[in-house]
Amino acid sequence: MVTDRQTLAARPRRALCPAHPRHPLHPSRKPMLDLQYIYDNIDAVAKNCENRGVKVDLDQLKTLRDQRNALITETDAARHASKELSSKIPKADAATKAALVDEGRKLRETIAALEEKQREIEVALKEIQAAIPNMTHPDAPVGRLESESVAVRTWGEPPKFDFEPLDHVALCEKHQLYDLEAGARVAGHGFYFLKNEAVLLELALIQYAVQIVRKHGFTLHSTPDIARQDVLEGTGYQPRGNETQIYSIKDTDLCLVATAEITLGGTLKDQVLNVEQLPLKYAGISHCFRTEAGAHGKATRGIYRVHQFTKVELFAFTAPDVAESDAMHQQIVAIEEEIFQGLGIPYRVLDICTGDLGGPAYRKYDLEAWMPGRNEWGEITSASNCTDFQARRLGTRCKSGDKKGTQFVHTLNGTAVAITRALIAVLENYQQADGSIVIPEVLRPWVGQDKIG
RNA sequence: GGAGAGGUGGCUGAGCGGUCUAAAGCACCGCAUUGCUAAUGCGGCGUAGGUGUCAAAGCCUACCGGGGGUUCGAAUCCCCCCCUCUCCGCCA
């Protein structure tokens, strides 16, 4: 994912918490850790929250959990009584019947009151539960600051220019590769027209990425660009509210997707799979729409941070086993690296530190490309292993022959190529002294020329 | 967008206000039996939560597309929504 971690990856929590569990902003709508797991591993969870810089009242959670269980027992007993009573009514004579019906009516009220109480406790409980982030891979670097993420490896050499390199803004203007003014006129700031070779590059990058991921067994999808609210919620996005990153369509429950992670993850919402079907490897092409709320003033020049871009995304469902999802995570990162190595873009791989993981990720690697125009590294991809955190909310489970019941699968997502960021990296790294831009070898079959200008 | 039909357990499919604790069949598993393949009989066969236990068994509750309502009692009646199929309209 190419995204501002502060705003999207962190997925800020709601400010207000409406009481109804079905309310779109209700905390239960977020992915979360299993309640029983938290209860049984309270110390480990507490330690993890601390590492991630998240404050949670686990004592309160424990209290509420006990209250909840007691209430469930009580409510179930009341319902049992009610059922028993009802079954007597058909056989009763008229006199006792009236009395029984009356008693039943009272029982119904009791049950309703208990249920109401249970709901209240559940709301409070889930509010805490939803604030608890996923557990963390033992090898992930512990740290609070973005700078504490660890560069695990670097590939390629930042190009040395014997001239003053231009940034993508200058390059795009010079070669008429985009039209920001027209974009703003048509749709507002943050929207843009790609033009000329940039259009060909966009198509070429998609083709190139799609060919590679397909080679690695990812099933290609071109996905809807909109999704229902409950799909957004299932994948852990907050569709509405003040700080949302998501555009929603008025008077409907539809939203513009921020990534194909949402649509691909949604494909198996509430499904029970057979463990033998796993892993499932999906790739999706979609447009991505992001409001970038709260991101004003940060790198707003050009197309580094925009409200819409096109992306090829990888998504995987694996067996509920950390060894499995870990291996898939490595594979996804390897594919991302293969893509950027093929493009000849220098990059480094960051092992994201605990404080910057966001809620759902168990571990996350970002690729940052060298961007000469910024004279620094810039995020181009992001790959997360969400273990079962997202699947719990999505309701994607699997059955394995030897085990009773079902387990939540593990989900992973990663960027194959996000067009705007990749475009910046290509343009800036391949610029020449004469102002022209060389087209990377691997893209030429689709671009149809070897340089711009 | 309009009209009609329909969504029930892994699948087929009955039930249309009161042991539904969901019939039956298929599939699947176990046992028995028949010298093999196969057939037959018997039993089992879901998910989630709670309780219980060292663990389990067991017991309780919920779940018949989703949500809400009526009722002592709802798969069954009422309202809203979603989806599928057929036909019509519109359209790239």
Side-chain angles (χ1 to χ4, degrees), chain A residues 18-26 28-29 32-40 61-123 125-126 129 222 224-234 239 248-249 251-255 263 266-277 320 388 391-409:
Chain A
H20 197 282
R22 290 295 167 201
H23 190 284
L25 294 183
H26 188 271
S28 71
R29 317 238 84 196
M32 54 179 76
L33 235 40
D34 179 60
L35 180 60
Q36 194 59 42
Y37 175 88
I38 299 168
Y39 195 78
D40 294 340
L61 177 124
K62 240 177 146 160
T63 306
L64 288 167
R65 184 269 186 193
D66 290 338
Q67 286 177 11
R68 166 182 175 270
N69 287 18
L71 263 172
I72 287 173
T73 305
E74 198 180 341
T75 313
D76 281 358
R79 268 196 284 256
H80 180 60
S82 158
K83 272 177 91 163
E84 224 163 41
L85 187 138
S86 294
S87 70
K88 284 186 207 148
I89 290 179
K91 293 166 226 151
D93 56 77
T96 49
K97 195 177 229 169
L100 287 174
V101 168
D102 200 53
E103 199 184 326
R105 196 175 295 125
K106 281 183 192 127
L107 256 177
R108 184 174 66 192
E109 279 156 21
T110 308
I111 292 167
L114 284 169
E115 282 174 341
E116 179 55 33
K117 212 161 140 198
Q118 194 183 320
R119 221 166 316 174
E120 279 167 25
I121 288 190
E122 227 135 66
V123 167
L125 187 61
K126 291 233 164 118
Q129 197 183 346
S222 100
D225 286 338
I226 63 177
R228 259 185 239 295
Q229 196 160 314
D230 60 313
V231 174
L232 277 277
E233 287 155 358
S248 52
I249 301 173
D251 297 328
T252 72
D253 67 341
L254 295 169
C255 305
T263 49
T267 55
L268 295 175
K269 193 172 178 297
D270 296 320
Q271 299 302 299
V272 179
L273 308 166
N274 205 307
V275 75
E276 281 94 52
Q277 296 172 257
D388 63 355
R392 183 164 293 108
R393 188 73 201 101
L394 272 172
T396 306
R397 297 172 293 161
C398 73
K399 266 187 144 121
S400 27
D402 52 330
K403 288 201 189 78
K404 223 178 168 178
T406 60
Q407 293 172 281
F408 291 103
V409 303

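First the proteins, then the strands, lettered A, B, ... as listed; each starts at 1. Small disclaimer: the values here were computed from a predicted structure and weren't measured.
Among the atoms of the strands shown, only primed sugar atoms or phosphate atoms (P, OP1, OP2) are found under 4.0 Å from some heavy atom of A/T73. A/I89 comes within contact range of at least one nucleobase, with a heavy-atom separation under 4.0 Å. Heavy atoms of A/R65 sit nowhere under 4.0 angstrom from any nucleic acid atom. Residue A/S82 is out of contact with every strand shown, counting any heavy-atom pair closer than 4.0 Å.
The shortest distance between the side-chain N/O atoms of A/H80 and the OP1/OP2 oxygens of B/U61 is below 4.0 Å. Listed pair A/N69 / B/U51 meets the phosphate criterion, a side-chain N or O lying under 4.0 Å from OP1 or OP2. Residue A/R108 places at least one side-chain N or O closer than 4.0 Å to OP1 or OP2 of B/G73. Phosphate proximity of B/C83 to A/R228: present, with a side-chain N or O under 4.0 Å from OP1 or OP2. Taking only side-chain nitrogens and oxygens, A/K83 comes nearer than 4.0 Å to OP1 or OP2 of B/A62.
Side-chain contact between A/K269 and A/D230 is present, with heavy atoms from C-beta onward closer than 4.5 Å. Using a 4.5 Å cut-off on side-chain heavy atoms (C-beta onward), A/L254 and A/R228 make contact.
A salt bridge is absent between A/D66 and A/K62; no separation between the charged side-chain nitrogens and carboxylate oxygens falls under 4.0 Å. The pair A/E122-A/R68 meets the salt-bridge criterion, with a side-chain N (NZ, NE, NH1 or NH2) lying under 4.0 Å from an Asp/Glu carboxylate O.
Between the P atom of B/G46 and the CD atom of A/Q407 lies a distance of 17 Å, rounded to the nearest Å. The separation between A/Y37 atom OH and B/G49 atom P is 17 Å, rounded to whole Å. Counting to the nearest Å, the P atom of B/G10 and the CD atom of A/E276 are 17 Å from each other.
Comparing the C1' positions of B/C59 and B/U40 gives a spacing of 36 Å, expressed to the nearest Å.
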